[in-house]
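Notes follow once the structure below has been shown.
We number each residue from 1, following the sequence as shown. Atoms within each ligand, like the ligands themselves, are counted from 1 in listed order.
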Amino acid sequence: MKFQDVISINDFGKEEIEYVLKTAKRLENELNERKILQYAKGKILATLFFEPSTRTRFSFESAMHRLGGSVIGFAEASSSSVKKGESLMDTIRTVEKYADVIVIRHPREGAARLAAEIAEIPVINAGDGANQHPTQTLLDLYTIKKEFGRIDRLKIALLGDLKYGRTVHSLAKALSYYDVKLYFVAPQGLEMPRHIVEEISDKLEITETNDLESVIPEVDILYTTRIQKERFPDPAEYNKIKGSYRVDLKLLERAKETLKIMHPLPRVDEISYEVDKTQYSAYFRQVWSGVPVRMALLGIVLGVVE
Ligand code: ASP
C-alpha cells in the first residue's frame, strides 16, 4: 500500500489506518532488537513549524534519524524568510528543492492541504489550526492497541476542548471505523463541532455531556485535552472557562481499575500531577508511540518501507 501525503484522517480508510499501525509495530520491533535501520538513508526530511511543538517535531525528527535519514527545518517561522513576507507557496516551492518529504504545522486550517497541492514531494500535516492532527490520531490508536490489545469494544471519553482541539477532531473520525462507544465531555461552549457529530453519529453510539463525574465509572479510556487558549478570539472567554475541569485522585476514586488516561500533551492544569504515578496514566507511554508511528508514515510516503 502506498499514499503520497498525510493531510486529513478523512483521507484514510480503516484498511490504511490498520496498515500504518501494523507497519509501526514492525518498525518498533526492529528498534527493540537494537537494529540500526537504513530505510531512509540518503533521504532528507524538512520540518516547517509555524506553531510551537515539542513532541510532534521531536518525534518526527527522531523517527527520520531512526530510519537512517536526515533532517533540516525550522521550529519558528520568525527565523525563516516568512518574517520578510514570503508566502507559504514560495516557502514550499523552495523547501521542496532541498528535501524529499515535508512535515508542516501551521496555524491556518487548510495550510497543509495547500502545501500538498503545491509540492511535488510528499507532505505530512503536523496540525493545521483547529482542524486536524492526523499523525497524532494514528499514534493514539497505536497506544490504545498497545494498552488494551484492541480498539473494538472499548468505551472512550474525549474530554475537554472539543471545539478547538484538532486531536479530538481527527480521533473521533478515526474511532468511527471501530466498534466503540464514545462520550464527548466538554464544558459548555467547547462542545464537539456539529458537523463532526453528524458525520459519525450513524456509525456509533455517542453520549454528549458536560458532566465528567457521571461518565468516569463507565469508561475504559479518558482522553483528556487542554483548553486551546491560543484559538480563542476573545481572551475574556478563555478566562471564563479555564480550570473548568480537572482529573485528580478524587475524581478517579470511582473509575474502573483498568481505566487508562491519555492526553496528546502538553498538559496545563487538566490532569493533576498526582495522577502520573497511578496505574491510570498512559500519557507518557503515548509519547513514545509517536516514534514508530511517524517512522511508518515517513517510510510509507517515501516509498522505502512496505
Ligand atoms: N499537541 C497537540 C496539538 O498540537 C495538543 C495540544 O496542543 O493541546 O494539537
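Contact annotation: the side chain of Asp248 never approaches that of Leu252 to less than 4.5 Å [non-hydrogen atoms, C-beta and beyond].
In this structure, Ser59 contributes its side chain and Val291 its backbone to no donor-acceptor pair below 3.5 Å.
With Phe49 as the aromatic partner, Arg105 does not meet the cation-pi criteria of under 6.0 angstrom to the ring centre and within 45 degrees of the ring axis.
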Report, one line per pair, each donor and acceptor closer than 3.5 Å where one atom sits in a side chain of residues 68-78; sequence neighbours left out.
from: Glu76; atom 1: OE1; to: Ser78; atom 2: OG; distance (Å): 3.1

Distances under 3.5 Å, N/O of ligand 1 against N/O of the protein: list each pair and its distance.
from: ligand 1; atom 1: 1 (N); to: Leu265; atom 2: O; distance (Å): 2.9
from: ligand 1; atom 1: 4 (O); to: Arg105; atom 2: NH2; distance (Å): 3.1
from: ligand 1; atom 1: 4 (O); to: Arg166; atom 2: NE; distance (Å): 3.4
from: ligand 1; atom 1: 4 (O); to: Arg166; atom 2: NH2; distance (Å): 2.8
from: ligand 1; atom 1: 7 (O); to: Arg226; atom 2: NE; distance (Å): 3.4
from: ligand 1; atom 1: 7 (O); to: Arg226; atom 2: NH2; distance (Å): 2.9
from: ligand 1; atom 1: 8 (O); to: Arg226; atom 2: NE; distance (Å): 2.7
from: ligand 1; atom 1: 8 (O); to: Arg226; atom 2: NH2; distance (Å): 3.4
from: ligand 1; atom 1: 8 (O); to: Gln228; atom 2: NE2; distance (Å): 2.9
from: ligand 1; atom 1: 9 (O); to: Arg166; atom 2: NE; distance (Å): 2.8

Go through Glu28 and Lys146 one step at a time and tell me if the salt bridge (charged side-chain N to carboxylate O under 4.0 Å, His left out) criterion holds. CA-CA 12 Å; Glu28 185 178 11; Lys146 270 187 97 169; 2.7 Å; yes

For Thr224 and Leu158: C-alpha separation, side-chain torsions, deciding distance, then whether side chain to side chain contact (heavy atoms under 4.5 Å, CB included) applies. CA-CA 6 Å; Thr224 308; Leu158 307 186; over 6 Å; no

